[in-house]
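Quick note on labels: first sequence line is chain A, next is B, and so on, each numbered from 1.
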Number of protein chains: 2
Amino acid sequence: MPTTMLLRKLEQVMVLSESERQTISELPERVLHVKPREDIVDTSRPTSVRLIRTGIACRYTLLGNGHRQITAFLVPGDFCDLRALIMGDMDHAVSALGPCELAVVPHHRLFAAIKDHPRLALAFWSDTLVDAAIHRDWVANVGRRSAYERMAHLLCEIWFRLKSVGLSMDHSFELPATQGDLGDATGLSQVHVNRTIGKLREDGLIRLSKGRVVQLLDWERLTEVAEFDPAYLRVPKLNGG
Amino acid sequence: MPTTMLLRKLEQVMVLSESERQTISELPERVLHVKPREDIVDTSRPTSVRLIRTGIACRYTLLGNGHRQITAFLVPGDFCDLRALIMGDMDHAVSALGPCELAVVPHHRLFAAIKDHPRLALAFWSDTLVDAAIHRDWVANVGRRSAYERMAHLLCEIWFRLKSVGLSMDHSFELPATQGDLGDATGLSQVHVNRTIGKLREDGLIRLSKGRVVQLLDWERLTEVAEFDPAYLRVPKLNGG
DNA sequence: CGAAATTTTGAGTTCACTCAAGGATGGTGG
DNA sequence: CCACCATCCTTGAGTGAACTCAAAATTTCG
């Protein structure tokens, strides 16, 4: 029951001992298959943590005015509800975009792993720190960029994160999101998302093929438009501990 | 060299032993006084962590288009650059709004504290989890709320957080931010911030007195307008560990 | 007290929104 | 395998919330 993506991510933060790697790979209790558009976690008090193995999911909040805001996309190797391990509850929901395969890790196993290998607490903590950095980037994206720049930035981020876990070699990836979803992620209306990606396409920056495949045709120009700097996503090796 | 606010915050998450409390209170190496508008941390590689003791600060990012986005306000008890403890670097800057008093905690002391009391790692981790929750809320705020609701929400959040650390008994607090700052926090222009708080004032929801004191005149209606639900800020007691 | 920063107000503009309808696409069951 | 239905995408037209530019009034601070 491989936890390859997670290991890959954590190994970017710190060097893991054989024993630590072993412990992590034995975390999952079972695998869960989730259908497209299905909720993975709602705002409750889960007793296990779900880890994305394949597929793409999103964190979201429903506002009272009927709107939805997606606050993050989750790619393989990402925890859905690590928050609840420490905080007890979830303050938001997570839903699968396309079909997802999840590993389920009971809280007690994670606590046991941390007890045996205290350094792992720092590794998992770093996951939350990256989450926070991504959120900050989204605040800036939604708050201070035009629709055009915003969409460009979002696509850059998703591609970069997929690439970091070894998915997407070339500059293309499958994104099982509707234009409505992209609107909820960027704070734009569905119609304006349509016009915006239309312009990105006209300008030769992206291409959308059948099966919801996104191609970034001109990474150079796209990052320029989006002002995309992956520094906030990059994880330097942990020194102390 | 008291770390009262921090202790108060951490004790909301978990019960601390006398020894743990002692360790935390001995963390600060020195106190630092920072003038209004001065940077507390920039995007570099600090070797100590700064902790707000008094005053209000903000995290911010400068965008290439000349805009600034504030991604969070920091109140007493909050860490400025805990990220760098684990990640090595900062991906954003922190600046004082009004005059601030900071406690400086060298990284090695924090690592030592965690080594002696592994549960403290979970406590500090929870700080990052709350940060992430606040950021998510900001994404939703900026992405899916009108200027009017947005400003209301921001004021609710700041007041609630000040209240949780024992500042502000009544519904008023000092906020040493210009309307430009509030714009950078909400993703609005300075002019529109002016008109928006003008409307909040007209509607009898808030009052701005001399010395930058904000008064929330009608908490009931304000939370309704803002759809403010402090659940995401509340920290349930830690069960495991 | 004067200079600098901030707030306030006015006027015109624009980016993104809503409403609406037609076309494309994809999944499902007969 | 095709017809049908639902979902999603696309385009048009009109509207509106928030923006920019600009200048006056006020406050803050040295």
Side-chain angles (χ1 to χ4, degrees), chain A residues 35-38 63 65-70 95-99 141-154 174-203 206-214 225, chain B residues 35-38 63 65-70 95-99 141-154 174-203 206-214 225:
Chain A
K35 283 195 283 285
R37 319 255 111 208
E38 198 177 310
L63 300 228
N65 53 20
H67 282 132
R68 181 175 74 143
Q69 177 69 50
I70 293 177
S95 150
L97 283 180
N141 202 36
V142 174
R144 286 295 188 215
R145 276 198 259 262
S146 70
Y148 190 73
E149 301 165 331
R150 231 181 275 185
M151 272 308 309
H153 193 94
L154 183 67
E174 198 197 328
L175 184 62
T178 66
Q179 294 183 352
D181 295 333
L182 295 176
D184 291 342
T186 50
L188 301 168
S189 70
Q190 178 266 122
V191 172
H192 202 57
V193 166
N194 181 274
R195 296 191 161 114
T196 304
I197 63 180
K199 196 166 282 186
L200 284 168
R201 200 161 34 189
E202 272 177 38
D203 294 351
I206 65 168
R207 212 161 85 91
L208 302 175
S209 327
K210 308 270 147 180
R212 283 175 166 151
V213 172
V214 179
V225 164
Chain B
K35 282 195 283 286
R37 321 253 109 210
E38 199 177 308
L63 299 229
N65 53 19
H67 282 135
R68 181 174 74 141
Q69 177 69 49
I70 294 178
S95 151
L97 284 179
N141 202 34
V142 175
R144 286 296 188 213
R145 276 198 260 261
S146 70
Y148 190 73
E149 302 166 329
R150 231 182 275 185
M151 272 307 309
H153 193 95
L154 183 67
E174 198 196 327
L175 184 62
T178 66
Q179 295 183 354
D181 295 334
L182 295 175
D184 290 344
T186 49
L188 300 168
S189 71
Q190 178 267 121
V191 172
H192 202 57
V193 166
N194 182 273
R195 296 190 161 117
T196 304
I197 65 180
K199 195 165 285 187
L200 284 168
R201 200 162 32 192
E202 271 178 38
D203 293 350
I206 66 169
R207 211 160 86 92
L208 302 174
S209 326
K210 308 271 145 178
R212 283 179 167 147
V213 172
V214 179
V225 164

B:Gly187 near the nucleic acid: base, sugar-phosphate alone, or nothing, with a heavy-atom cut-off under 4.0 Å? sugar-phosphate
Have a look at A:Arg145 and say if it touches a base, only the backbone sugar-phosphate, or nothing, with a 4.0 Å heavy-atom cut-off. nothing
For residues 192-199 of chain B, which residues have at least one heavy atom under 4.0 Å from DNA chain C? B:Asn194, B:Arg195
Shortest non-hydrogen separation from B:Gly143 to A:Gln69 and the atoms involved: CA-OE1, 3.5 Å
B:Arg150: what forms a side-chain hydrogen bond (donor to acceptor under 3.5 Å, both in side chains) with it, not counting sequence neighbours? none
Return a table of donor-acceptor pairs under 3.5 angstrom between the side chains of residues 176-193 of chain B and protein atoms on other chains or two or more places apart.
from: B:Thr178; atom 1: OG1; to: B:Gly180; atom 2: N; distance (Å): 3.2
from: B:Thr178; atom 1: OG1; to: B:Asp181; atom 2: N; distance (Å): 3.1
from: B:Thr178; atom 1: OG1; to: B:Asp181; atom 2: OD2; distance (Å): 3.3
from: B:Gln179; atom 1: OE1; to: B:Asn194; atom 2: ND2; distance (Å): 2.9
from: B:Asp181; atom 1: OD1; to: B:Arg68; atom 2: NH2; distance (Å): 2.7
from: B:Asp181; atom 1: OD2; to: B:Arg37; atom 2: NH2; distance (Å): 2.3
from: B:Asp181; atom 1: OD2; to: B:Thr178; atom 2: N; distance (Å): 3.0
from: B:Asp184; atom 1: OD1; to: A:Arg144; atom 2: NH2; distance (Å): 2.8
from: B:Asp184; atom 1: OD2; to: B:Arg68; atom 2: NE; distance (Å): 2.8
from: B:Asp184; atom 1: OD2; to: B:Arg68; atom 2: NH2; distance (Å): 3.2
from: B:Thr186; atom 1: OG1; to: B:Leu182; atom 2: O; distance (Å): 2.7
from: B:Ser189; atom 1: OG; to: B:His192; atom 2: N; distance (Å): 3.2

What verdict does the side-chain contact (heavy atoms from CB on, under 4.5 Å) test give for B:Asn65 and A:Glu149, after you've listed the backbone C-alpha separation in whole Å, the side-chain angles of each residue and the deciding distance to 0.1 Å? CA-CA 11 Å; B:Asn65 53 19; A:Glu149 301 165 331; 4.0 Å; yes
Go through it in stages, so that I can follow the logic: the residues are B:Leu208 and B:Val214, the test is side-chain contact (heavy atoms from CB on, under 4.5 Å), and I'd like the CA-CA distance, side-chain angles, deciding distance and then a yes or no. CA-CA 5 Å; B:Leu208 302 174; B:Val214 179; 3.8 Å; yes
Heavy atoms of A:Thr196 and A:Tyr148 approach each other most closely as CG2-CA, 3.6 Å
Using a heavy-atom cut-off of 4.0 Å across all strands, would you classify A:Arg201 as base, sugar-phosphate, or nothing? sugar-phosphate
Which residues share a side chain to side chain contact (heavy atoms under 4.5 Å, CB included) with B:Arg207, sequence neighbours left out: B:Ser209, B:Gln215, B:Leu217
Each base of DNA chain D marked ( ) or [ ] if paired in-strand (Watson-Crick or G-U under 3.5 Å), | if paired to another strand and . if unpaired gives |||||||..|||||||||||||||||||||
With DNA chain C as reference, determine whether B:Val191 or B:Arg37 sits nearer its 5' end, using the nearest nucleotide of each. B:Arg37
Got a sec, which pairs hit salt bridge (charged side-chain N to carboxylate O under 4.0 Å, His left out) with one end in residues 189-198 of chain A, sequence neighbours left out? none
Which is the 5'-most and which the 3'-most nucleotide of DNA chain C that has an atom under 4.0 Å from a heavy atom of chain A? C:dA16 to C:dT25
Nearest-Å distance, CE (B:Met151) to C1' (D:dA18)? 15 Å
How would you label the contact of B:Thr178 with the nucleic acid (heavy atoms, under 4.0 Å): base, sugar-phosphate, or nothing? sugar-phosphate
Protein-to-nucleotide contact annotation, 5' to 3' order, nucleotides 24-30 of chain D [B base; S sugar-phosphate only; - none; under 4.0 Å, heavy atom]: ---S---
B:Gln190 has an atom CD; how far is it from atom C1' of D:dT20, in whole Å? 12 Å
